[in-house]
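Just so we're on the same page: letters track the sequence lines, and every chain starts at 1.
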There are 2 protein chains.
Amino acid sequence: MNIGVASEKSGLPAKTIRYYEDIGLLHPARTDNGYRDYSTADIHRLRFLQRSRSLGFSVDECRQLLSLYQDRERDSADVKAIAKAKLVEIDRKIAELVGLRGLLHHLVSHCHGDERPECPIIDELAGQGVAQ
Amino acid sequence: MNIGVASEKSGLPAKTIRYYEDIGLLHPARTDNGYRDYSTADIHRLRFLQRSRSLGFSVDECRQLLSLYQDRERDSADVKAIAKAKLVEIDRKIAELVGLRGLLHHLVSHCHGDERPECPIIDELAGQGVAQ
DNA sequence: GTTGACCTTCCATCTACTGGAAGGTCTATT
DNA sequence: AATAGACCTTCCAGTAGATGGAAGGTCAAC
């Protein structure tokens, strides 16, 4: 399978697939003309990467998950540990964004948004604000 | 004021302050020995940058906000527009993370997390899962 | 035989810094 | 006066995770 087909089947751009090969996440065969030749197993790996990346795992975490995926002797505990750590991280990010959202919303709702220069958003950013 | 003092007063690392100068966000004076010399106005700008960055604005948005901050003729509507766009972006990010969190939580809670290889997390990543 | 789609490598670019090397300057102490 | 240590300077490289583009090779169809 050429890279174009692999791209279509995995949902990853060809550029990204080459990049993943560069950083050692897969090693497709080559045909005589030098083109990359993807096996069905390669496609599985690519789809696995696409899914785990879109779930928010870093490329390095994907590397670990991929090796667990390919390890028939794996302990599910190892996978669970990575996923739980990611969950904690996501929770932290959500909390941070919700905090930001609250402050920003407060500022936006107190700004007239007209042609006058007075602006509580600028005041806050300048350290003259009321919020927080 | 030397960069060390500016760093302390603004809450930004010296490295970051030099970087902000590199990308044209401020232009401190220099003393005879070549050291950067920060005025009180520079410190205000740095604090403004520190606050707006920590509120989630990109450096480019900070550049816009900073020029509005320094523009006594500004329309508060311009500031509000930037802040509202950021609010929409933050809402989108939160929604995405909450979705991720739900799926990941579901997977984690269905994984035994023991020494057996069976793992619904891996199954999902491989496209064999039940979730979604 | 030539067009156009596809493939190759390599190099540059993006965001927002951060780390480190090599070297100049300032202040205090001996 | 010498020296130690803290501070400052510039410059270059690296981080994550791709993405864009140039220059050129290959393949299938007409």
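The distance from atom CG of B/L12 to atom C1' of C/dT18 is 14 Å, rounded to the nearest whole Å. Between A/I23 atom CD1 and D/dT19 atom C1' the separation is 14 Å, expressed in whole Å. With rounding to whole Å, B/I17 atom CD1 is found 14 Å from C/dT18 atom C1'. One can place OH of A/Y19 at 15 Å from C1' of C/dA12, the figure rounded to the nearest angstrom. For the pair A/M1 CE and D/dC27 C1', the interatomic distance rounds to 19 Å; values are reported in whole Å. Look at OH on B/Y38: it is 16 Å from P on D/dC7, rounded to the nearest Å. Atom CD in A/E21 sits about 11 Å away from atom C1' in C/dT8, given to the nearest Å. Taking atom CG of residue B/D37 and atom P of nucleotide D/dC7, one finds them 17 Å apart after rounding to whole Å.
Contact check, B/S58 against C/dT15: no side-chain N or O comes under 4.0 Å of OP1 or OP2. Taking only side-chain nitrogens and oxygens, B/R18 never comes nearer than 4.0 Å to OP1 or OP2 of C/dA16. For the pair B/T16 and C/dT18, the criterion of a side-chain N or O lying under 4.0 Å from OP1 or OP2 is met. Between D/dG17 and A/Y20, no contact under 4.0 Å exists linking OP1 or OP2 to a side-chain N or O. Residue A/R30 places none of its side-chain N or O atoms closer than 4.0 Å to OP1 or OP2 of C/dC7.
Residue B/F57 is the one, among B/Y35 and B/F57, whose nearest nucleotide of DNA chain C lies closer to the 5' end (criterion: closest heavy atom). The nearest heavy atom of DNA chain D to A/K15 and to A/N33 marks one nucleotide each, and the one closer to the 5' end goes with A/K15.
One finds a salt bridge joining B/E21 and B/R30 here, because a Lys/Arg side-chain nitrogen approaches an Asp/Glu carboxylate oxygen to under 4.0 Å. Taking a cutoff of 4.0 Å between a charged side-chain nitrogen and a carboxylate oxygen, A/D91 and B/R101 qualify as a salt bridge.
Using a distance-only test at 3.5 Å, with no hydrogens or angles considered, no donor-acceptor pair links the side chain of A/S7 to the main chain of A/I3.
When each of D/dT9, C/dT9, C/dT18 is scored by its nearest atom to the side-chain atoms of B/P13, the top-ranked nucleotide is C/dT18. Closest approach to the A/R53 side chain among D/dT10, D/dA18, D/dC27 is made by D/dA18 (side chain taken as heavy atoms from C-beta onward). Distances were taken from every side-chain heavy atom of A/R36 (C-beta onward) to each of C/dT9, C/dT25, C/dT18; the shortest belongs to C/dT9.
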Margin query: Walk me through whether A/K9 and A/M1 qualify under side chain to side chain contact (heavy atoms under 4.5 Å, CB included).
Written below: CA-CA 10 Å; A/K9 294 211 178 196; A/M1 240 176 297; 4.0 Å; yes
Start with the C-alpha gap between B/N33 and B/T31, add the side-chain angles, then the distance that decides, and say whether side-chain hydrogen bond (donor to acceptor under 3.5 Å, both in side chains) holds. CA-CA 6 Å; B/N33 58 16; B/T31 53; 2.6 Å; yes
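If you check every strand for non-hydrogen atoms under 4.0 Å, A/I3 touches sugar and phosphate atoms only.
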